[in-house]
2 protein chains.
Amino acid sequence: MMTTAEADKDDCQKPSRREMRRRAMLDAANALFLEKGYGATSLTDIVKHSGGSLATLYELFGGKEGLFRSIVEEGCAEFFSFLNDMDAGQPSHDILRVVAQRFIEGVLADDGAFLRLVISEAGQFPEIGMAFYSAGPANAIRIIGNYLAGQSGRGTFEIDDTEAAADTFISMLLYDLQMRLLCRIPGKPTRRQIEKHVDHVVDTFLKLYAPSSHSTGPRQAPKAPGGSRKSRDVK
Amino acid sequence: MMTTAEADKDDCQKPSRREMRRRAMLDAANALFLEKGYGATSLTDIVKHSGGSLATLYELFGGKEGLFRSIVEEGCAEFFSFLNDMDAGQPSHDILRVVAQRFIEGVLADDGAFLRLVISEAGQFPEIGMAFYSAGPANAIRIIGNYLAGQSGRGTFEIDDTEAAADTFISMLLYDLQMRLLCRIPGKPTRRQIEKHVDHVVDTFLKLYAPSSHSTGPRQAPKAPGGSRKSRDVK
DNA sequence: GTCTATAAAAGGATAGAC
DNA sequence: GTCTATCCTTTTATAGAC
């Protein structure tokens with residue numbers, strides 16, 4: 001027989017009762033907040049899904065606000081984890097396609113639910129929006145900007161303001177897509193459409209910043225005229 | 001002395017009591033929803049600001065939802081009214097600067113409060129997000145796309161997919177700005193910064209789509225190196 | 001520590017007087 | 001038609017048993 005303390009030392013994952021409750025409540029709250037929004041989600045609803053009781057929730061998180069802050073904190077870290085995977089040592093600018101693809105996958109993964117939640121409550125919880133922006137957009141621009149700066153030194157690109165270029169890249173890539181998600185326009189883009197968009201953005205970026213007329217763009221695919229059904233219309 | 005009926009006929013604006021109440025309630029609700037969000041605003045709070053009473057509110061709007069829908073309907077029409085002012089007959093592409101300026105002014109006008117409100121409640125009120133996207137982003141892309149198509153015919157630009165080009169233009173112009181507003185990053189950009197950004201976007205756009213090497217860009221201003229403090233950092 | 005039961009408050013909605 | 005007063009539900013928050 002082991003004491004619980006010994007068990008804790010033994011098992012690295014330490015699934016203490018407290019920690020399991022905490023996780024279950026965080027997960028339930030996360031799902032419900034993302035689905036219904038902060039205001040429309042009640043604590044009893046969360047407890048109903050997580051198990052445990054209201055009193056325990058208060059014991060662990062201090063209330064609805066505390067629970068919410070924990071959710072967002074975790075969410076920010078997870079949501080942008082893919083940013084840290086960027087390997088700046090890659091040879092060519094094909095890496096731009098890979099990065100773009102990952103960005104879009106990341107954005108599409110939760111249908112914009114997390115971003116919507118942050119935006120919705122940024123008014124009532126001032127630090128939440130700032131934390132998100134720092135961990136997300138600002139971080140992305142810095143990382144991509146740094147990458148571009150490195151490549152710029154090697155002659156892969158000709159860019160004077162690398163962060164502005166990074167901003168341009170991300171903006172072209174995500175603006176309309178994210179806006180549609182946030183507005184809940186139905187219908188996800190197909191893999192084919194995403195690929196096409198990524199190609200278009202990368203090509204445009206290269207047209208802007210590839211060393212002049214060196215014509216680095218390997219895919220200036222001759223576009224089928226009129227075949228670009230993007231269906232921006234809603235109805 | 002006039003009866004109220006005569007007064008109504010006399011005054012073309014017909015500020016009937018009913019209509020005045022309606023306006024007052026719409027205005028109060030609008031302000032409160034934009035400030036505190038839909039869920040955090042109570043009907044009693046609205047009535048307290050508008051005058052009148054809860055019962056009248058129900059008589060006029062049927063409840064909180066009806067009131068909210070009325071708000072958003074009005075808001076969409078007003079928010080994008082500036083789009084219809086675009087005069088496609090203008091001579092050069094200096095009009096791009098004017099358009100860009102107006103877009104940014106429009107976006108900054110309410111600090112993103114209206115867009116935030118729409119995004120927040122797009123989940124609970126499905127048609128609201130779609131109405132906004134149609135009246136706003138989709139409409140903007142179509143209008144600018146049409147303008148570009150017209151100019152493209154005259155040789156001002158060389159564009160094959162004019163709507164994609166319009167998307168690029170708007171994305172570069174607004175993405176980071178709107179994201180910062182939505183996340184409540186404090187500190188509005190100064191007029192100087194806005195002007196600089198507009199110039200950068202227009203120059204970039206011309207670099208992409210102006211007839212080759214005709215060098216239409218009148219303002220390829222030599223940037224002071226290192227002077228581009230955009231302060232993307234939050235802290 | 002975890003749960004049951006309940007307090008306390010607030011919000012949405014309505015009935016009825018004027 | 002407009003207001004006052006009130007009902008009923010829901011929600012946050014806590015006290016006390018096990």
Side-chain angles (χ1 to χ4, degrees), chain A residues 3-5 7-8 14-33 35-72 117 120-121 123-125, chain B residues 3-8 14-72 117 120-121 123-125:
Chain A
T3 67
T4 59
D8 285 355
K14 187 193 178 190
S16 72
R17 269 184 158 51
R18 188 182 180 88
E19 203 53 37
M20 291 196 62
R21 272 282 126 83
R22 200 182 139 83
R23 265 261 64 83
M25 285 182 170
L26 278 174
D27 290 342
N30 190 55
L32 287 170
F33 281 150
E35 182 194 340
K36 306 174 28 170
Y38 179 78
T41 302
S42 72
L43 296 182
T44 49
D45 214 3
I46 292 173
V47 168
K48 207 171 291 175
H49 282 76
S50 70
S53 71
L54 249 184
T56 305
L57 190 155
Y58 272 86
E59 167 72 20
L60 291 175
F61 301 99
K64 198 176 185 182
E65 275 199 31
L67 181 54
F68 184 60
R69 288 177 207 279
S70 302
I71 298 275
V72 174
L117 184 63
S120 301
E121 303 309 322
Q124 318 290 321
F125 306 96
Chain B
T3 66
T4 58
E6 282 172 324
D8 284 353
K14 187 195 177 187
S16 72
R17 273 187 153 50
R18 189 185 178 87
E19 202 52 38
M20 290 196 62
R21 272 282 125 84
R22 201 183 138 82
R23 266 261 64 84
M25 284 181 172
L26 278 174
D27 291 343
N30 190 56
L32 288 171
F33 282 149
L34 289 182
E35 182 195 338
K36 305 173 32 170
Y38 179 78
T41 302
S42 73
L43 295 182
T44 48
D45 213 4
I46 291 172
V47 168
K48 208 170 290 174
H49 282 76
S50 69
S53 71
L54 249 184
T56 304
L57 189 155
Y58 272 85
E59 167 72 20
L60 291 175
F61 301 99
K64 198 177 186 181
E65 275 200 30
L67 181 55
F68 183 60
R69 288 178 207 278
S70 301
I71 299 274
V72 174
L117 184 63
S120 300
E121 303 308 323
Q124 319 289 320
F125 305 95

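Not measured: the values here are computed from a predicted model. Chain letters run A, B, ... following the sequence lines, proteins first, then strands; residues in each count from 1.
- Taking atom CE of M25(B) as the reference point, atom C1' of dG1(D) lies 12 Å away to the nearest angstrom.
- Among the atoms of the strands shown, base atoms are found under 4.0 Å from some heavy atom of S53(A).
- Between L43(A) and E59(B), the one whose closest nucleotide on DNA chain D sits nearer the 5' end is E59(B).
- Look at CZ on F68(A): it is 17 Å from C1' on dT12(D), rounded to the nearest Å.
- Atom P of nucleotide dA13(C) and atom CG of L60(B) are separated by 15 Å, given to the nearest angstrom.
- With hydrogens and angles disregarded, a donor-acceptor distance shorter than 3.5 Å links the side chain of T41(A) to the backbone of L32(A).
- Residues R18(B) and R21(B) are not in side-chain contact: their nearest non-hydrogen atoms beyond the backbone lie 4.5 Å or more apart.
- I46(B) has its CD1 atom 17 Å from the P atom of dA10(C), to the nearest Å.
- We find the CG-CE distance between L43(B) and M25(B) to be 9.5 Å, quoted to the nearest 0.5 Å.
- Ring pair F68(A)/F125(A) is tilted by interplanar angle, where 30° to 60° counts as tilted.
- Closest of all the heavy-atom pairs between L26(B) and S70(B) is CD2-CB, 3.8 Å.
- Of the candidates dA13(C), dT4(C), dT12(D), the closest approach to any side-chain atom of K64(B) belongs to dA13(C).
- OP1 and OP2 of dT2(D) both lie 4.0 Å or more from every side-chain N or O belonging to R22(B).
- Contact between the side-chain N/O atoms of T56(B) and the OP1/OP2 oxygens of dC3(D) is found at a separation under 4.0 Å.
- Across the protein-nucleic acid pair, D45(A) atom CG and dT9(D) atom P stand 18 Å apart, rounded to whole Å.
- Of the candidate nucleotides dT2(D), dT2(C), dT4(D), dT2(C) has the atom nearest to the side chain of R18(A).
- Nucleotide dG1(C) holds its C1' atom 16 Å from the CG atom of L54(A), rounded to whole Å.
- Taking atom CG on L57(B) and atom C1' on dG11(C), their separation rounds to 13 Å, with Å as the unit.
- Listed candidates were dC3(C), dG12(C), dC3(D). Nearest to the side chain of A55(B) is dC3(D).
- Summarising the geometry, the separation between CD on E19(B) and P on dT2(D) is reported as 11 Å, rounded to the nearest angstrom.
- Checked against dT12(D), dT2(D), dA15(C), the side chain of T44(A) finds its nearest nucleotide in dT12(D).
- Considering only side-chain atoms of Y58(A), the nucleotide from dA13(D), dC3(D), dT11(D) that sits closest is dA13(D).
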